[in-house]
2 protein chains.
Amino acid sequence: MARERKFSMDELFSAVKELLLIHGYEGFTFSLLADRLKVSRGALYKYYENKEELITDYMITELNQFLTDLQKIEHCEGFEAKFDFLMNLIFDMPEVQQLIKIAVQIPVNVNEKVRENKAHLDKLHLEMYTHLQSFINLGKHEKKLKAHIADGLILGFIFQTIAIPNHFGIPHSEWVTSIKEIISHGMFTNN
Amino acid sequence: MARERKFSMDELFSAVKELLLIHGYEGFTFSLLADRLKVSRGALYKYYENKEELITDYMITELNQFLTDLQKIEHCEGFEAKFDFLMNLIFDMPEVQQLIKIAVQIPVNVNEKVRENKAHLDKLHLEMYTHLQSFINLGKHEKKLKAHIADGLILGFIFQTIAIPNHFGIPHSEWVTSIKEIISHGMFTNN
DNA sequence: TATCAAAGTGACACAACTGTCACCTTTTCT
DNA sequence: AGAAAAGGTGACAGTTGTGTCACTTTGATA
């Protein structure tokens, strides 16, 4: 016994994502979002008390999605298959890195709900790193990854390179292939 | 015949930089800046009509500095020396990449001054790429850089990797050495 | 078809940022 | 000492965002 909603949760979150990436955390407002969803600003307050709650809620959903996909890395046999899987996964969600950076900016002292959400986010973030850590351990154990390079750098490297802006419009498949090659064997020739 | 200023141009710009990196373009305000400089907001309007003028002006100074330093790459003999020089240069200004991203967000339709500044910035940006382009050409000509990897990707890669956040506090020298190694020869072993 | 709960609206009061300006302060030059 | 010029201040009006709330709309169900 309820009226139909003018926007689905999916539409809401995809609008949040879009606006966050364009305007950044501080530039994101309920007014922008309401306009975008063709709804009055007041309607949004039926669901969230403030933008911090909304954004953290969205981030949790996004990170959960990423983690669910990431779990499937276990189905890949051996380091190289896992590496390929991971690269493709990250290429499908190139914004994850940027969103995590935005998440850090959210103040915690807004209310209890936000504190909870941030804690939840931290948990997910940690879980993500645990998974990736075991991937790196495998790579080093199989002697595929250089042992003397710090794990944190390997991780950071993989995430960061995905976010390289393709200013010159290089075709996607060439782009992906080349990035994989640089990450694996560098941009220098072997002479 | 004038009164002493409460802040130097250097202090102004370094405050702008700091606040920009923390709050992003939309989160940057004259109020924040005035507080930071311990000056009234009105004082800032003696120098700049709005934040767009101020930010673009700052960016021009920053990019000019970077370019001046970059020119010195010509003093290095051969590709490998130039590569080392460039890596060190970028490591000394890891924020350049992030600032350029912010520059893109500045709207052009504020006033004539801002339009001019943006055009100037574009010119400097292009000049920077021209320099780097000839660096890459040299690398490919000396057969040090893989010829089949697009120039735009090589550039993007170098810039982007510098900005990898060192979350785990790996010592700077190890960090730099490892990044150079990955860029040059990848993170895979040669088996 | 009458009811009721969820969804949505628009107005209100408040807070923050913006741009301007009359006025005050400090310094230097004559 | 007095004028001139640049630096600095605080208040004002305007705009945009925030959070709340009484009220209306919608649609399933009893």
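The figures that follow rest on heavy atoms only: side chains count, while hydrogens, waters and symmetry mates do not. Chain A is the first sequence line, chain B the second, and so forth, proteins listed ahead of strands; every chain is numbered from 1.
Counting only N and O atoms by type, the side chains of B/N117 and B/E53 include no donor and acceptor under 3.5 Å apart. Judged purely by distance below 3.5 Å, without hydrogens or angles, the side chains of B/E49 and B/Y45 never pair a donor atom with an acceptor atom.
If you take CZ of B/F7 and P of D/dA6, they are 15 Å apart, rounded to a whole angstrom. One interatomic measurement links the two molecules: CD of A/E11 to C1' of C/dG8, which rounds to 15 Å at whole-angstrom precision. One can place CZ of A/R5 at 6 Å from P of C/dA7, the figure rounded to the nearest angstrom.
A salt bridge does not link B/E11 with B/K6: every distance from a Lys NZ or Arg NE/NH1/NH2 to an Asp or Glu carboxylate oxygen is 4.0 Å or more. A salt bridge is defined here as a Lys NZ or Arg NE, NH1 or NH2 lying under 4.0 Å from an Asp or Glu carboxylate O, and A/E52 with A/K118 fails to meet this definition.
A heavy-atom distance below 4.0 Å to DNA chain C is reached by these residues of residues 27-52 of chain B, ordered by number: B/T29, B/F30, B/S31, B/R41, B/Y45, B/E49, B/N50. Residues from residues 18-26 of chain A with heavy atoms under 4.0 angstrom of DNA chain C: there are none.
A/F28 has its ring centre no less than 6.0 Å from the ring centre of A/H23. Between B/F7 and B/Y47, the ring centre distance stays below 6.0 Å.
The salt bridge (charged side-chain N to carboxylate O under 4.0 Å, His left out) pairs that include a residue from residues 20-35 of chain A number zero, where partners must be two or more places apart or lie in different chains.
Shown here is A/E112, whose CD atom has more than 12 heavy atoms of other residues, nucleotides or ligands within 6.0 Å.
Residue B/R3 places no side-chain atom within donor-acceptor reach of the base of D/dA6, judged by atom type and a 3.5 Å distance cut-off alone.
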